[in-house]
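Here's the structure, in structure tokens; my notes come after.
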Amino acid sequence: MQSYVAGLFAKAYILSVCLSSVLTVCPYDSNYPYSVFLDRDHHFDFSWRVNYKREVMHFRVCVDKLNTTLFGIGFSNYGEMENSDFATYWTGATGVHHFQDMFTDKNGIPHVDKKQDYMLESAQTDGQQVILQYWRKFDTCDMHDYILDRGTTHVIYFASSQSMESFLSGLVNTSDLSSGLQRVQLLKPELNLTPLPEDTWTFEVTAPNILVPAKETTYWWYTAKLPPLKKKHHIIKYEGIIQAGHENLVHHMEVFHCEVAANEIIRFFNGPGLAEGKPPELESCRKVIGAWAMGASAMVLPEEAGFPLGGPNYSRYVLLEVHYNNPDMVAGMVDASGIRFYVTSSLRRHDAGIMELGLEYTNKMAIPPRQEIFPLTGYCIEECTKVSLPAEGIYIYASQLHTHLTGRSVYTKHVRNGVELPELNRDDHYSPHFQEIRRLPVPVRILPGDALITTCEDRTTERDNATIGGFAITDEMCVNYVHYYPVTDLEVCKSSVSTKALQKFFSFMNKWDLDDTMPSKGDRANYQSIRWTPLTTTLLKTLYMTSPISMQCNQSDGHRFPGVWEGVGLTKIKKPLSLPTRRCKHIAS
């Protein structure tokens, strides 16, 4: 073992000759525009920059108050320590420092990678703090290395006080070490963000010190009034305001403008949302002007567009909706979270809007239990965009993907005349705990007659019964909130399996499998009455892939556009998009 480990050390970067000393704090470095702490105590500072031309990522890691002999920082699919990829630093028994590319196997056991793809640029230490600068390619063509993409990246770390000889003994499981993770989007688009106008000012819509119920899921509604504005303004930026300590309590928030006349009064409401839907007096509060979800940073609109606000016939009423996730049912928490808006009177060229794509919020959709991956797909069909979008089309500039706890991958396809165009957005390592509103690299033009198909791939391996579509955190959703300009009346373009097709499925399960399914029980109870097997799971998947759909082709006032929206056919892709090819002569093992 000693000679084997010595051979491995020979492949590592030996840092003793290039280390400087006397470090007291982790200094700011403008060469690394993005930065995040990986741990709550702020000992692991992780920064990066992107070189799209060379397809290279540059990293800067600052580890402070180091009380360990080795640490690793790297990536895995969903934050697990197994099958992960690490850049590892350690100090040997003689005080010599080393840097090396390593990976863990399916059991979390660490190994030295034969192909060293993390390239060290510089290192500094004073024994209590280490600063490393290194780089690697987006795709190293190494089967043990994580491929960096535009979706969510789970950045993970471990730390240990044992020797490298013990670490590589085959007896150490990295899952048992001090470790943690942070979710980021590494490959952020290169955008030229213009400074905010000099006349920009802010206001906030926040919850009024809500006593959060001691239950797992609460949707809280609160009506508020916007500042009085005699002339039209534009919202050009907004961001979440999360009360300190409630980062895991507030799941997501939306502010809806109430589309009524300026002199019409909206009844005050401050309480839990109603399961049966909004009361009639709040039905007009539907138009989203600001949204936030776990992990989201500030949303800056492109210089061409802003959300309209104010004017002679603009209602000041809005509805704040806050989704609280309180799985431990803690009592006594008082919350005042909300959204801050940045406003200017310097109007942009276009009014902006937000549109919902994907699946209808309904229990007509479900995911069988014990599924490694099960797809759910929602359609915005060509017939809807044909009657709702302007002739010149719209431009989607940002996207927020949304599921509840079982979501693992989400993407939206763009189809024109049966031809699949480049995807609108994709996240192959999606996390429901990190739902950023992400600017697209360039705005995507959507024309009348285009279709947008949103698919969520869900995992229910730990669940013993079907997961039903719905509002509870233990239910499931599949939505893409797209931000676009110029604004149209199309607010919701979503689907669900047709009611007629679903009832036929339940009747078939009752007759064929003797399941206790019947029309009078309702969709949720019927799904939960099925004895799920591989065959019944395949039947449900086939139903969703082949059956007609019910469409929500809805205007901002809640009414559907004229058309036939029940029992319509699925969008057919006649010419699929070619899959991107990896530029690898071979994949290193």
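We count residues from 1, following the sequence as given. No hydrogens, no waters, no symmetry mates; every other heavy atom, side chains included, goes into these values. Just so we're clear, the structure is a prediction, and the values are computed from it rather than from any experiment.
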- Can Asp427 and Ser409 be said to form a side-chain contact (heavy atoms from CB on, under 4.5 Å), step by step? CA-CA 6 Å; Asp427 193 340; Ser409 174; over 6 Å; no
For [X] and [Y], does a side-chain donor sit closer than 3.5 Å to a side-chain acceptor?
| X | Y | answer |
| --- | --- | --- |
| His234 | Asp351 | yes |
| Thr377 | Thr455 | yes |
| Gln528 | Asn465 | no |
| Glu476 | Thr406 | yes |
| Ser556 | Glu491 | no |
| Tyr32 | Gln133 | yes |
| Asp335 | His246 | yes |
| Thr454 | Asn480 | no |
| Arg459 | Thr467 | no |
| His402 | Tyr430 | no |

- Please say which of Phe341, Tyr317, Tyr314 ends up in a side-chain contact (heavy atoms from CB on, under 4.5 Å) with Leu226. Tyr314
Could you state the interatomic distance from [atom1] ([X]) to [atom2] ([Y]), rounded to the nearest 0.5 Å?
| X | Y | atom1 | atom2 | answer |
| --- | --- | --- | --- | --- |
| Ile354 | Ile289 | CD1 | CD1 | 9.0 Å |
| Asn77 | Ser431 | CG | OG | 12.5 Å |
| Asn325 | His251 | CG | NE2 | 6.0 Å |
| Gln435 | Thr152 | CD | OG1 | 9.5 Å |
| Leu401 | Cys456 | CG | SG | 7.5 Å |

- Task: Begin with the C-alpha distance, continue with both residues' side-chain angles, and end with the deciding distance and a verdict on salt bridge (Lys or Arg N to Asp or Glu O under 4.0 Å) for Arg340 and Glu204.
- Result: CA-CA 4 Å; Arg340 178 182 295 117; Glu204 300 172 359; 3.0 Å; yes
- Go through the steps for Met299 and Trp292 under the test side-chain contact (heavy atoms from CB on, under 4.5 Å), then give the verdict. CA-CA 9 Å; Met299 178 62 199; Trp292 176 93; over 6 Å; no
So, does [X] use its side chain to make a donor-acceptor pair with the main chain of [Y] at under 3.5 Å?
| X | Y | answer |
| --- | --- | --- |
| Glu283 | Glu281 | no |
| Tyr527 | Lys364 | yes |
| Asp199 | Thr344 | no |
| His257 | Val255 | no |
| Gln243 | Val334 | yes |
| Arg316 | Leu229 | no |
| Asp85 | Gly74 | no |
| Trp48 | Leu186 | yes |
| Asp149 | Gly151 | yes |
| Ser495 | Tyr379 | yes |

- Query: Between Phe71 and Phe158, is the ring centre distance below 6.0 Å?
  - Reply: no
- Task: List the steps, then state whether side chain to side chain donor-acceptor pair (under 3.5 Å) holds for Glu423 with Thr412.
- Result: CA-CA 6 Å; Glu423 291 177 335; Thr412 295; over 6 Å; no
Which heavy atom of [X] sits nearest a heavy atom of [Y], and at what distance?
| X | Y | result |
| --- | --- | --- |
| Ala352 | Ala305 | CB-CB, 4.0 Å |
| Ala207 | Leu320 | N-CD2, 3.5 Å |
| Asp39 | Tyr157 | CB-OH, 3.3 Å |
| Pro486 | Gly393 | CD-O, 4.0 Å |
| Phe44 | Ala159 | CZ-CB, 4.1 Å |
| Val250 | Met253 | CG1-CG, 3.8 Å |

- Task: Determine, stepwise, if the pair Tyr484 / Tyr397 fulfils ring pair (Phe, Tyr, Trp, His ring centres under 6.0 Å).
- Result: CA-CA 6 Å; Tyr484 71 97; Tyr397 64 87; 8.2 Å; no
Indicate the ring-plane relationship of [X] and [Y], choosing parallel, tilted or perpendicular according to the 30° and 60° boundaries.
| X | Y | result |
| --- | --- | --- |
| Phe37 | His42 | parallel |
| His323 | His404 | tilted |
| Phe471 | Tyr219 | perpendicular |
| Tyr395 | Tyr485 | parallel |

- Cys258 and Cys285 SG atoms under 2.5 angstrom apart: yes
- Query: Would you say Cys493 and Cys384 have SG atoms less than 2.5 angstrom apart?
  - Reply: no
- Query: Just wondering, more than 12 heavy atoms not from Ile265 lying within 6.0 Å of its CD1?
  - Reply: no
Checking [X] against [Y]: charged group under 6.0 Å from the ring centre and within 45 degrees of the axis?
| X | Y | answer |
| --- | --- | --- |
| Arg408 | Tyr78 | yes |
| Arg183 | Phe434 | no |
| Arg286 | Phe256 | no |

- Message: side chain to side chain donor-acceptor pair (under 3.5 Å), that's the test. Do Ser76 and Ser84 meet it? Break it down for me.
- Response: CA-CA 5 Å; Ser76 67; Ser84 54; 5.8 Å; no
- Message: Tell me whether Glu304 is salt-bridged to Arg349, with the criterion being a basic N under 4.0 Å from an acidic carboxylate O.
- Response: no
- So Arg524 and Asp475, salt bridge (Lys or Arg N to Asp or Glu O under 4.0 Å) or not? Walk me through it. CA-CA 10 Å; Arg524 180 180 292 269; Asp475 291 337; 3.0 Å; yes
- Query: Between Thr223 and Asn270, is a side chain to side chain donor-acceptor pair (under 3.5 Å) present by the stated rule, with each step listed?
  - Reply: CA-CA 7 Å; Thr223 52; Asn270 182 25; over 6 Å; no
- From CA spacing to verdict: side-chain contact (heavy atoms from CB on, under 4.5 Å), Leu301, Phe307: CA-CA 9 Å; Leu301 276 71; Phe307 286 103; 3.7 Å; yes
- Which is it for Tyr342 and Glu239 under the side chain to side chain donor-acceptor pair (under 3.5 Å) test, yes or no, and what are the steps along the way? CA-CA 9 Å; Tyr342 293 72; Glu239 61 191 359; 2.7 Å; yes
